[in-house]
Number of protein chains: 2
Amino acid sequence: MRKLKDSRRAEIVDAALLVAAEQGVKAVSMRAVAARIGLTPMALYGYFRNKDELLDAIIGRMLAEISRPAADLGWRETILHLAAEVRSAARRHPSVFPLLFTRPAVSPSAIMVIDLLFDALLRAGVEPAQVPRMERMISTFLIGYAISEVGGRFSEGSLDTRGRRAQLEPDLLPGHQLLAGHLDARVDWDAEYQADLDGLLDIVAGLAARDQRRRQPIGKP
Amino acid sequence: MRKLKDSRRAEIVDAALLVAAEQGVKAVSMRAVAARIGLTPMALYGYFRNKDELLDAIIGRMLAEISRPAADLGWRETILHLAAEVRSAARRHPSVFPLLFTRPAVSPSAIMVIDLLFDALLRAGVEPAQVPRMERMISTFLIGYAISEVGGRFSEGSLDTRGRRAQLEPDLLPGHQLLAGHLDARVDWDAEYQADLDGLLDIVAGLAARDQRRRQPIGKP
DNA sequence: ACCTGAACACCGTTCAAGT
DNA sequence: ACCTGAACACCGTTCAAGT
C-alpha cells in the first residue's frame, strides 16, 4: 500500500541531497529540487508539508546510512563503531550534516543511534540515571566534532589566523610563543578524533566503575 | 578617524541582533535590518560587502560580551569562567548562537577566548604540542553543548519521543525499559553542564600529570 | 561620502484548477 | 490521486543616479 507514494518521496529526497551536494544547502529550494526531477515546485507539497519537513527528511536519509554495529561487540567497540559511522556520514554529506544541530533528532535512524548508545552505556555499567546524560555528552561530542571538521570552524583559514598571530604579536599572552610551532602544524584528524574519543570513554569507564563500587558493599569482591 | 562610519556599523549590527531576537535568524534580511533603522537595503552595502559579512559581525558582537576572567584565577577556574560565559552568551542570543558552528571563528573576540584557553591549558601543565588539540576538544564541547541546549536538539519534543518509545515498544532494545523512568525526567541543565565539564577537566588534568611525569625522571620528586 | 530607485533573478507558499 | 498555473509577498545584489 502507498508504495508509489513512498518511492516518489524517496526520489525527491535523493534529488534534494544531490542539489545540496552540488551547490550547498542554500541551493536546496523547493523550486530547484522539483526542477531536478521534472516537477513543478507545488508537486512537492503533496509529499512534504513544507520545506522544513523536506530538510528533516534529508537528515533522516543521511543518518539511515549509519550501519548497526555487530551485536557481539563490547560496549567500547560499539561506541567506537557508531562514532566512526557518524564521522564518515559527515564526510560524505558535509553540506547537509550541519543541519543535525539545527533541529531535534526525531527520525527513526537518529533514534536507532541513540538507543544503541543507551544500550552500550548500560552494558558499560553506568547507572541508569546517568545514562541519558552520558548519551548527551557523547552525541554532542560526535556531532560537534564532525561539524567542526567538515563545516569550517577548524578550517585552514582559522588555523592560519591563529598561527600568524603567534608570530606577529609574540607577547600577546604569556606562553603563546611556546605554541607557535604547533599552531600551523598539519592536523591528523583521525588521530585527534581517536584520542579525544578515548578520553570520553575513559570518563564513561570511570563513572561506571564508581557506580559499581557503590552498588557492591565493601569486602564483597 | 572614521568614527561616524564605525558607529553606523554598530547601529546596523544592533538592529540585526534585534531582528534575530524578535523573529529568528531567518528573518534577518538586508531589507528588514535596513528598515528597522530607517534605511534602504542598499545603504548596508556601504558597511558590509554582503549578508554573510553582516552575519559574521553579529557573531563577533555576541562573543564580545564574553568577559575576561580575572588574571589571578587558576587554570581550572579560568576555563570554568569561560565556559559559563559562553553558555550565558548562548542563552542571551539563542537564535544567533548556532551561527558559530557555521563559520570559522576569526573575530577578535573569538580569538581572545581561544588564547585564554591556550594559556589555561599551558598553566595546567599540558604539553604544548597537545594544547591545540585540547583546546579544540573543549571549545567543541562548549559550543556543541550550548547549541544543543538552546537550539532544540535536546528540546522537549525529542525527549518526549524517547520516553514515549520506551513505553510503547518495551522490548525494543534490552535495557531500554530500565531507562524509561529517566528519559522523561526534567533535566537540570546547570548540573549536567557542570558534571560534564568536570569530566573534561579531569581529562586535561590527567594528561597534564602524565606529561609532567614524563618530563621529570623517576626518583626526582 | 553616503544614500536611494529601479531592476533582475530568485524565494516559500496559497488557492483554484486541471486530468 | 497527482499535478500544474498564476499569484502574493518576500529575498540578495547590481547598476546607475542623486545630494
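Labels below follow one simple rule: chain letters A, B, ... track the order of the sequence lines, proteins then strands, and each chain is numbered from 1.
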Practice item. For A/Y45, enumerate each residue passing the ring-ring contact (aromatic ring centres under 6.0 Å, His included) test, keeping only those at least two apart in sequence or located in another chain. Key: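 ring-ring contact (aromatic ring centres under 6.0 Å, His included) check on A/Y45 returns nothing, list empty.
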
**Study point:** Those residues that, when tested against A/Y193, pass ring-ring contact (aromatic ring centres under 6.0 Å, His included) (two or more places apart)
**Key:**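 Applying ring-ring contact (aromatic ring centres under 6.0 Å, His included) to A/Y193 gives A/Y145.
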
Under the rule for side chain to side chain contact (heavy atoms under 4.5 Å, CB included), what residues qualify as partners of [X], not counting sequence neighbours?
{"X": "A/V86", "value": "A/I66, A/F97, A/L142"}
{"X": "A/A84", "value": "none"}
{"X": "B/A70", "value": "B/D72, B/L73"}
{"X": "A/L200", "value": "A/M137, A/F141, A/I203, B/M137, B/L200"}

Practice item. Go through the steps to decide whether B/V204 and B/R76 satisfy the test side chain to side chain contact (heavy atoms under 4.5 Å, CB included), and finish with yes or no. Key: CA-CA 9 Å; B/V204 171; B/R76 212 170 170 117; over 6 Å; no

Point to revise | Within residues 11-20 of chain B: residues closer than 4.0 Å to DNA chain D (heavy atoms) | key: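 Close to the strand, none.
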
**Study point:** Residue pairs fulfilling side-chain hydrogen bond (donor to acceptor under 3.5 Å, both in side chains) with at least one residue in residues 80-90 of chain A, sequence neighbours excluded
**Key:**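 Non-adjacent pairs meeting side-chain hydrogen bond (donor to acceptor under 3.5 Å, both in side chains): A/S67-A/H81, A/S67-A/E85, A/R87-A/E149, A/R87-A/D190.
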
With 3.5 Å as the limit, what N/O pairs link the protein to nucleotides 9-15 of chain C?
from	atom 1	to	atom 2	distance (Å)
C/dC11	OP1	A/S29	OG	3.1
C/dG12	OP1	A/M30	N	3.1
C/dG12	OP1	A/K51	NZ	3.3
C/dG12	OP2	A/M30	N	3.0
C/dG12	N7	A/R31	NH1	2.3
C/dG12	O6	A/R31	NH1	3.3
C/dG12	O6	A/R31	NH2	3.4
C/dT13	OP2	A/Y45	OH	2.9
C/dT13	OP2	A/K51	N	3.0
C/dT13	O5'	A/Y45	OH	3.4

**Study point:** Watson-Crick or G-U stems involving DNA chain C, each at least 3 pairs long, distances under 3.5 Å, ordered by first number
**Key:**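 The stems are C:4-8 with D:12-16, C:12-16 with D:4-8.
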
Exercise for review: For B/E77, enumerate each residue passing the side chain to side chain donor-acceptor pair (under 3.5 Å) test, keeping only those at least two apart in sequence or located in another chain.
Suggested key: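 Not a single residue meets the side chain to side chain donor-acceptor pair (under 3.5 Å) criterion with B/E77.
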
Residues 17-34 of chain A, side-chain donor-acceptor partners within the protein, below 3.5 Å, at least two apart:
from	atom 1	to	atom 2	distance (Å)
A/E22	OE1	A/R36	NH2	2.5
A/E22	OE2	A/R36	NH2	3.2
A/S29	OG	A/A32	N	2.9

